[in-house]
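One-based numbering along the sequence shown. When a ligand or atom number is given, it counts from 1 through the structure's own listing order. Quick caveat: nothing in here was measured; it's all calculated off a predicted structure.
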Amino acid sequence: MTSVPQPPTPATTSDEAWWRRATIYQIWPRSFADSDGDGIGDLGGIIERLDHLVALGVDAVWISPFYESPMDDAGYDISDYRSVDPLFGTLDQFDELVRELHRRDLRLIIDIVVNHSSDEHPWFVESRSSPDSPQRDWYWWRPPREGMTGGEPGAEPNNWGSVFGGSAWEWDEASGDYYLHLFTRKQPDLNWEHPDVRAAVHEMMRWWIDRGVDGFRLDVINFISKDVALPDGIAAEGETWASGMPHFVDGPRIHEFLQELRREVAPDRDDIVWIGEMPGVTLAEAGRYTDAQRREVDMVFQFEHVGVDHGRGGRFDTRPLVLRKLKASLGRWQVCLEATGWNSLYWCNHDQPRVVSRFGDDGEFRARSAKMLATVLHLHRGTPFVYQGEELGMTNFPFTDLGDVRDIETVNYIQNTRAVGHGDDDILVAVNAGARDHARTPMQWDDSPSAGFTDGEPWMAVNPDHDTVNAAAQLDDEESVFQHYRRLIDLRHHLPVVTDGSFTTVLADNDEIYAYIRDDGHDALLVLANVSGASAPVEVPDVESWNNAELVITNLASDERPTGRPEEAHLQPVDADLQPWEVRVYRRPSEV
Ligand code: ISL
C-alpha cells in the first residue's frame, strides 16, 4: 500500500494554480443566512456562518451578486458596481467579510455581471437620455426595421428572443430607438465594442482587487462580443423569436476582450482566479479560453451536462435522465480539456434545480444518492463547486401553488405559457422539474420553523423537509451527506491523483453504472457508481488488478455495508453487485 502524501500547502500561499486543488463553495446571499431579521440573507449572516465552511473544508467562496440592484433578476441586474445593496449590508461589512475569510484561509471570489447592467445604472440612464448622449453607444441602440414604426409588432431590429422570453429588444419611445437586452428588459446589454466601456469595467474590477478579492466569476462572459451587424437568427417553425446565440456566443472579439481584461485588471497577480460562465461554449473554444498560455480564464462553466435532460423547451421541458448521455458529455469535456485546459465541475448552482431531486432519489435514498452524485462529480478532473445546501442533500421545493415562485424566469414562463393556453397543472409539472426557484429557498440550518435562516419571515418559503434535512442534524453525524462532502474535499487535498490524474471512462455504454479511472502514474482510482434505484451488476475491466485495492470512500451507512464494519468493507469483491445508488472508490498503485 502506498502512503498517503502530506496535504498540499494551504491556499494562502502564493501558489498560482491553487484553484486546481481547491473546492469552491457558492453562496447565493439572499438565501444563505439573515442577520438582521428582515427575512433576506445578508453579508452579516454569511460572516456569522463561516465556521460551517471551515467545518466543510472548502478553500474558497464565490458569492453571487450583493451589489445595489433593483433585483429584477435577483441581483444579476446591477445599478452600482461599487456598492453593497442595503438589503445585504454595507461596504464595511464586505471588508469585514474579506478579513474574516482570509483569517480562516478562505479566498473570496465575487460575481461580475458586465454583459449587461441594470437599466437603473447611471450609465444606462445617461445613455437613454438622448440619441446624442456621449454614452449613447455604451449600449446597443438600433432604429426600428426599415419602413416600420417603433413599438409595432415585427419592428424590432432583429428577431432575437430574450433568454427569459419575448423579444430581446425594448422600444424606448422617449429617445426613439430600441435597445438590446439578452435577459430581462431591465438588463440592457453593454456595448463592449466601445473602448470606454471596457476601460470602465477594468477600473471597477481593479477597485475590487484593492479591496482584497481573490477571484472573479464572470457572468455570461462569452456573450460580450457580438456580431455588430446583429443579423437575424433562424426561428424554429411556428416560433416568432429566434435564438441569437450564433451571433454572440464566443463572438468575433471575445478572446481579445478577455486577454485585455486580465491584462488590464491584474497583470501581475497570477493568484487571482478567473472563472468564465459560458452558456453554449463549444469544446474547442473552451480549450482556448482555459489554455494557461493564452491568459484568458482559468476555467469555464459549460452547460452541456446540465442540458442532457432537457428537450427543446429547455429547463421547463425535462426528460428522464439517460445516463449514457451524461457520461458521454462529461467524459468528452474531461478528455478534450486534458492537455491544456481545465474543467469546472458542478451539478448545482442558483440556476439549477437540486441535483438529488434531478439525477438521484430525494425520497428513500436521499442521503445515499446525494453522496453518490457528489462522489461521481468530485473525482472528475477539475475544480468542484458546492452550492449552498448541496452539502446537506437539500431537495427541490414541492411547489403546489404557482403563486409561490419568485424567479423572473419562472414568472415569465408561467405568464407566457398561460397566454398560449397551457393549463396550470401542466405548468406546475414543468416548474417542479426545472425552475431556478428550487435552488433559491432558504438554507436549512436547523429544524426550527424558519430553518435557522432568519428570525423574521423568510422572503421565500423554507422547504418543508428542513425538519430532517438540516445542518444541525448533520454536522456531528459521521454518516451524513455533509460529512461525506467533507471527506471528498479532504481526499482532494491529500491525494494528488484527484487533481492531476488522467481520466478514462469505463463501461461507457452501461445505463446504470457510472465508472471511470483516474491515474497520475503514482496512484490509480477506480470510481464505481450505481446511478439507479435497483441493484446492478458491474463488470470491472481488468478486475484482478483491483483485487487488493483500498476502498477509499463509499456511501453505504455502516449498517448497510455487507460486513457492517467500515474496516472490513474492502473484503467485498470489487465486482460485487452495486446496491441502489451505491458508490465505491478504490485506490491502488498505478501500473502505468
Ligand atoms: O438559467 C438560464 C436560463 O434558463 C440560463 O440560460 C442562464 O440565464 C444563463 O446560465 C446565464 O446565467 C447567468 O446570467 C443571468 C442570470 O439570470 C443567472 O442567474 C446567471 O447565473 C443573467 O445575468
Could you list each nitrogen or oxygen of ligand 1 that sits under 3.5 Å from a protein nitrogen or oxygen, with the atom names and the distance?
unit_1   : atom_1 : unit_2 : atom_2 : d
ligand 1 : 1 (O)  : Arg315 : NH2    : 2.6
ligand 1 : 4 (O)  : Arg315 : NE     : 2.9
ligand 1 : 4 (O)  : Arg315 : NH2    : 3.3
ligand 1 : 4 (O)  : Glu409 : OE1    : 3.3
ligand 1 : 4 (O)  : Glu409 : OE2    : 2.6
ligand 1 : 10 (O) : Glu277 : OE2    : 3.1
ligand 1 : 12 (O) : Glu277 : OE2    : 3.1
ligand 1 : 12 (O) : Asp351 : OD2    : 3.4
ligand 1 : 14 (O) : Asp219 : OD1    : 3.0
ligand 1 : 14 (O) : Asp219 : OD2    : 3.0
ligand 1 : 17 (O) : Asp73  : OD1    : 3.3
ligand 1 : 17 (O) : Asp73  : OD2    : 2.5
ligand 1 : 17 (O) : Arg436 : NH1    : 3.0
ligand 1 : 19 (O) : His350 : NE2    : 2.9
ligand 1 : 19 (O) : Asp351 : OD1    : 2.8
ligand 1 : 19 (O) : Asp351 : OD2    : 3.4
ligand 1 : 19 (O) : Arg436 : NH1    : 3.4
ligand 1 : 21 (O) : Arg217 : NH2    : 3.1
ligand 1 : 21 (O) : Glu277 : OE2    : 3.4
ligand 1 : 21 (O) : His350 : NE2    : 2.9
ligand 1 : 21 (O) : Asp351 : OD2    : 2.5
ligand 1 : 23 (O) : His116 : NE2    : 2.9
ligand 1 : 23 (O) : Asp219 : OD2    : 2.8

message = ring-ring contact (aromatic ring centres under 6.0 Å, His included) for Trp192 and Phe248? Distances and angles first, verdict last.
response = CA-CA 12 Å; Trp192 277 66; Phe248 57 76; over 10 Å; no

Would you please say whether a donor-acceptor pair under 3.5 Å links the side chains of Thr282 and Glu285? no

Would you list the atom pairs, donor with acceptor, under 3.5 Å between side chains in residues 425-434 and any protein atom, with sequence neighbours excluded?
unit_1 : atom_1 : unit_2 : atom_2 : d
Asn432 : OD1    : Phe399 : N      : 2.9
Asn432 : ND2    : Phe399 : O      : 2.8
Asn432 : ND2    : Leu428 : O      : 3.4

Sorted by chain and number, sequence neighbours left out, side chain to side chain donor-acceptor pair (under 3.5 Å) with Tyr25 holds for Glu391

Scanning both residues in full, the closest heavy-atom pair of Phe453 with Ser31 reads CE1-C, 3.4 Å

Arg30 meets the side chain to side chain donor-acceptor pair (under 3.5 Å) criterion, sequence neighbours left out, with none

